[in-house]
Asks: 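Right, I'll just put the structure down here and ask away after.
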Amino acid sequence: MELLVIIFFIIGYLLIVFEHPLKMDKTIPALLMGILCWTMISVGQLPIVSELPGNDHGVSGVVLHHLSKIAEILIFLIGAMTIVELVDLHKGFSVITNRIHTRDKRKLLWIISWLAFFMSSVLDNLTTTIVFISLLRKLIQDRPERIWYISFVVIAANAGGAWTPIGDVTTTMLWIAGKVSTYYLMINLAIPSFICLGIPLIIASYMKVFNGEITSFHESGSRELEKEKILSSKTMLMAGIGALIFVPIFKTVTHLPPWMGMMLGLAIVWLISEYIHPEEDFTEDKRHRYSVRNALSRIELSSILFFLGILMAIASLESLGILDHLAQYMSRVIPNQEIVATAIGVMSAIIDNVPLVAATIGMYDLPLDAKMWHFIAFSAGTGGSMLIIGSAAGVAAMGMEKIDFIWYFKKIAWLAALGFFGGCIAVSLMHLILHET
Amino acid sequence: MDWLVIAIFLVGYILIVFEHPLKLDKAIPALLMGIFIWTIIAIAPLTLLENETIHHSLAHHLGKITEILLFLLGAMAIVEVVDGHRGFAVITNLITTTNKVKLLWIICILAFFLSSVLDNLTTTIVLVSLLRKLIENRGERIWFISFVVIAANAGGAWSPIGDVTTTMLWIGGKVSTIKLIGELFIPSVICLAIPLLVASKMKVFQGHLQVDSEDGTQGVKSPYLLSSKTMLMFGVGSLVFVPIFKSITHLPPWMGIMFGLSIVWLVSEFVKPEFDFDESNRYKYSVRSALSRLELSSILFFLGILLAISGLESLGLLRNLAIKMDAIFPSQDVVATLIGILSAIIDNVPLVAASMGMYDLPLDHGLWHFIAFSAGTGGSMLIIGSAAGVAAMGMERIDFIWYLKKISWLAAIGFFAGCAYISLFHWLTH
């Protein structure tokens, strides 16, 4: 019977991977496999690992335990996505992007990349990428020139997300599950993340494409951007970013889980948005456009349900002790955990990094801030840059600009790989240094 | 520090009640009060019931709350998908009568059974849009709509998937499907039938509707899509399947509804709504577009309010309230009836959540059935008393005072007759 659960998982996973050729939304197989795996456990009365909390109430107790863990992640994501959408509705990000005026190619590359890096450490990678692609579209008209910049935005967004607890889904998962703490995560991963972006950037500075001035610089483009700001842009940007940064602080002060801090932030940003005047002639009919209700209708609920399904499926494998067996098997075959973590990063370029990280959380029973957790946070966050389909940021870039898989593979993958492996070495070294002192 | 928690709850609650005059979305005070209450519990280390640790208690409550939220999310999504494919037109197109009394009965019975499967809000919206096409005279129409509100609330009370509060009791393990239907079906029928019988003799419902011309009935027929029937069948089928799923697998109801949603989603990806169906109109009928139409703010409202109530529960405040109320009122039936009356004024979700925390009674105890009935149907007595009423008020600008004068007494007769039946039934069987 356990075999059947594993088969369901593998079939579901294959359907998710082949989402595009099958033209089937990946949420469907994700939800189905999550539910069918648990149905097998419940109907087949499969033995559940006894240490799990809630086991004394039978399967439903264990499901409730997992659901509450998963809900912490989902509610956190809903809150973060809504805040970001709301700031975007108020054109808050144009406050930042408006400041770019340079025409020098190399300079522009550095500015854009570091801006994306720091933005994605607070916002999610997807939003950062979308904001910068729309900015670059206005600045650079020539598409072949532009896609180079966009590829670097993808690398920067992924690197920037890895080192903060609120920057990326996978790092957030590790943080919420109590595997990493804000402070140690940041001092351990800040330098590796810098390196992960720095190496490709330095190499690119010597490349021919980034020499000289942009020929197709859109003169009126920057003026057009200036117009985009509205009365509420600055306030909402400050409130939004403030609310996101406040989440780790809330956790430290109250010891309450992060999703509560995020909901508090959302409630406050929501409150501000109800009383703010985005335009001079602000009437009732325009009100809806800038409201939280509108922002809520724009967040991707299907990806929330996708996470629900896939995390439930992995929870079922964990409950049956399958992940534990896998971890034991892997540590026998590959004795070095660093290699395992690096392999996870390489794999995350091909398959979704959320299930990968969820599985490793279930696999290893290591203490808070163990080296392995930091390593996984880094590699699962940045490894995806090596292929255009490897990260949410990359997929968004591919969708918006029709970047070719092969083009990215030929021109960018090696740069991203150098950064990734450079970063991996840095994580090991950082840990060595921090442990010495 | 207990008093501070209670004070925050009261302030938050007052802000929620005065949502409209304050022009403040009620999800904001709900979320804030939920978080503040738990923050105080965390910072000021208050002792929780049975000396649980705060993390354990919070995780437990979050799990319970998520079960309700996911259930609602799934049910709302399925209904939206069916509506997106104009599935409900299949049912509403069957109505052709112009006799007023007959129409009233048909509409009410339809609303009653629809809302036992769908949520009350959707039922009301579907039937209000139908009535708009059938009856042009607004003065006449609002009578029918008011009865749709009564019927939708009565129909929701007796089935585990018909109404938020009944669903909460079901998910919380307080009532079981078979017992619930057995105990509440007749009172729910009474709750609708008595107002209907009285109304049949009233002057407003005599005679025939004026239909201007042939195109009057033509206009009623909202066009079918190729997929309407299929999606209606799968949608309603998957909703009805949820209790069956629960009894077969013993897994919680939210998993059943998510299973149903994924099946409906799967079907919707392969169904062809129009003859010339291409990529451009694909999004319109997709589940993604249905998901974007969901009222997420009400989900967040529930999250906040249920969180706040779980805080009160963990501190043992609800248990104390129940002890006090038992001392004041001689019978729990009175308490349950009171909950029904209160639910006409304040939101019934927190009321039921609070009573679930107050009483530690076994599965299918009589009080749970009574609460399911009264919290579900008591709201009909005021137009602002139920989600269905508020929707009707919003869509047709029904006046609070008009409803109070013309409809409230009818709804009240139905409600109290239902309550009396339940009390009597209990008294006779024990």
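Throughout, a chain's letter reflects where its sequence line sits, starting with A, and its residues are numbered from 1.
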Asks: About how many Å separate CG of B:L266 and CG of A:L32, when rounded to the nearest 0.5 Å?
Replies: 7.0 Å
Asks: Against chain B, label A:L36 side chain, backbone, both or neither, depending on which of its atoms sit under 4.5 Å from a heavy atom there.
Replies: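 Side chain only.
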Asks: Heavy atoms only: give me the nearest B:E269-A:K23 pair and the separation to one decimal.
Replies: OE1-O, 3.4 Å
Asks: With only heavy atoms counted, which part of A:L305 is less than 4.5 Å from chain B, the side chain, the backbone, both or neither?
Replies: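 Just its side chain gets close to chain B.
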Asks: Using non-hydrogen atoms and a 4.5 Å limit, figure out which bit of B:I299 sits close to chain A: side chain, backbone, both or neither.
Replies: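 Answer is neither: B:I299 stays 4.5 Å or more from chain A.
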Asks: Going by heavy atoms in the side chains, are A:L264 and B:F36 under 4.5 Å from each other?
Replies: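 Yes, close enough: below the 4.5 Å cut-off.
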Asks: Distance-only, no hydrogens or angles: does the A:E274 side chain make a donor-acceptor pair with backbone N or O of B:D25 under 3.5 Å?
Replies: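 Such a contact is found between A:E274 side chain and B:D25 backbone.
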Asks: May I have the step-by-step check of side-chain contact (heavy atoms from CB on, under 4.5 Å) for A:T254 and B:W38, ending in yes or no?
Replies: CA-CA 9 Å; A:T254 64; B:W38 278 99; over 6 Å; no
Asks: Is it true that, when you exclude B:F234 itself, more than 12 heavy atoms of the residues, nucleotides or ligands shown sit nearer than 6.0 Å to its CZ?
Replies: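 It does not: B:F234 CZ has 12 such atoms or fewer within range.
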Asks: Does any backbone or side-chain atom of B:I43 lie under 4.5 Å from a heavy atom of chain A? Answer side chain, backbone, both or neither.
Replies: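 Only the side chain of B:I43 comes within 4.5 Å of chain A.
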Asks: For the atom pair OG (B:S262) and CG (A:D25), what is the distance rounded to the nearest 0.5 Å?
Replies: 11.0 Å
Asks: B:I54 versus A:L256: any side-chain heavy-atom pair under 4.5 Å?
Replies: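 Yes, their side chains come closer than 4.5 Å.
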Asks: Out of curiosity, A:S302 OG to B:R288 CZ, how far, rounded to the nearest 0.5 Å?
Replies: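 The distance works out to 3.5 Å.
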Asks: What distance do B:M255 atom CE and A:T39 atom OG1 have between them, rounded to the nearest 0.5 Å?
Replies: 6.5 Å
Asks: Select one option (side chain, backbone, both, neither) describing which atoms of B:L24 are under 4.5 Å from chain A's heavy atoms.
Replies: both
Asks: Heavy-atom pairs under 4.5 Å with chain B are the metric here; pick the option from A:H66, A:H65, A:H255, A:R298 that has the most.
Replies: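 So the answer, after comparing A:H66, A:H65, A:H255, A:R298, is A:H255.
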Asks: A:L67, A:L296, A:V292: which one forms the most heavy-atom pairs within less than 4.5 Å of chain B?
Replies: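 Most pairs with chain B among the choices: A:L67.
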Asks: Starting at CD1 of A:I268, measure out to CD1 of B:I28 and round the result to the nearest 0.5 Å.
Replies: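 Here the rounded value is 10.5 Å.
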Asks: Find out whether A:M312 and B:M258 are in side-chain contact, i.e. whether some heavy atom of one side chain is under 4.5 Å from a heavy atom of the other.
Replies: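 When only atoms from C-beta onward are counted, B:M258 and A:M312 do not touch, as no gap falls below 4.5 Å.
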Asks: Which atoms of B:L58 are under 4.5 Å from chain A, going by heavy atoms: the side chain, the backbone, both sets, or neither?
Replies: side chain
Asks: What closest approach, in Å, do B:E295 and A:R293 show between heavy atoms, and which atom pair accounts for it?
Replies: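 Distance-wise, the nearest heavy atoms are OE1-NH1, 2.9 Å.
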Asks: Kindly compute the distance separating NE2 (B:H250) from CH2 (A:W38), expressed to the nearest 0.5 Å.
Replies: 15.5 Å
Asks: Let's go through A:F250 and B:I35 carefully: what are the C-alpha distance in whole Å and the side-chain angles of both, what is the deciding distance for side-chain contact (heavy atoms from CB on, under 4.5 Å) to 0.1 Å, and is it a yes or a no?
Replies: CA-CA 11 Å; A:F250 179 85; B:I35 294 158; 4.0 Å; yes
Asks: Chain A heavy atoms under 4.5 Å from B:H55: which part of the residue, side chain, backbone, both or neither?
Replies: side chain
Asks: Taking all atoms of both residues into account, what is the closest heavy-atom pair of B:L31 and A:A267, and its distance?
Replies: CB-CB, 4.1 Å
Asks: Closest approach of B:L296 and A:I299, non-hydrogen atoms and distance?
Replies: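 So the minimum-distance heavy-atom pair works out to CD1-CD1, 3.6 Å.
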Asks: Heavy-atom distances under 4.5 Å only: say whether A:L308 touches chain B with side chain, backbone, both or neither.
Replies: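 Side chain of A:L308 only, per the 4.5 Å heavy-atom cut-off to chain B.
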Asks: Side chain from CB out, backbone as N, CA, C, O: work out which of these in B:L294 comes under 4.5 Å of a heavy atom of chain A, or both, or neither.
Replies: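 For B:L294, the side chain is the part near chain A, not the backbone.
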Asks: Is chain B contacted by the side chain of A:E72, its backbone, both, or neither, given a heavy-atom distance below 4.5 Å?
Replies: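 Its backbone and side chain both get close to chain B.
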Asks: Please walk me through it: do B:L251 and A:I41 pass side-chain contact (heavy atoms from CB on, under 4.5 Å)?
Replies: CA-CA 10 Å; B:L251 288 171; A:I41 294 177; over 6 Å; no
Asks: Shortest non-hydrogen contact from A:M260 to B:G34?
Replies: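 So the two residues come closest at CE-O, 4.3 Å.
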Asks: Judged by atom type as modelled, is there a donor-acceptor pair below 3.5 Å linking the side chain of A:S68 to the main-chain atoms of B:A59?
Replies: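 Answer holds: yes.
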Asks: Might you point out which heavy atoms bring A:L64 and B:G63 nearest each other, and give the distance in Å?
Replies: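 Shortest heavy-atom contact: CD1-C, 3.5 Å.
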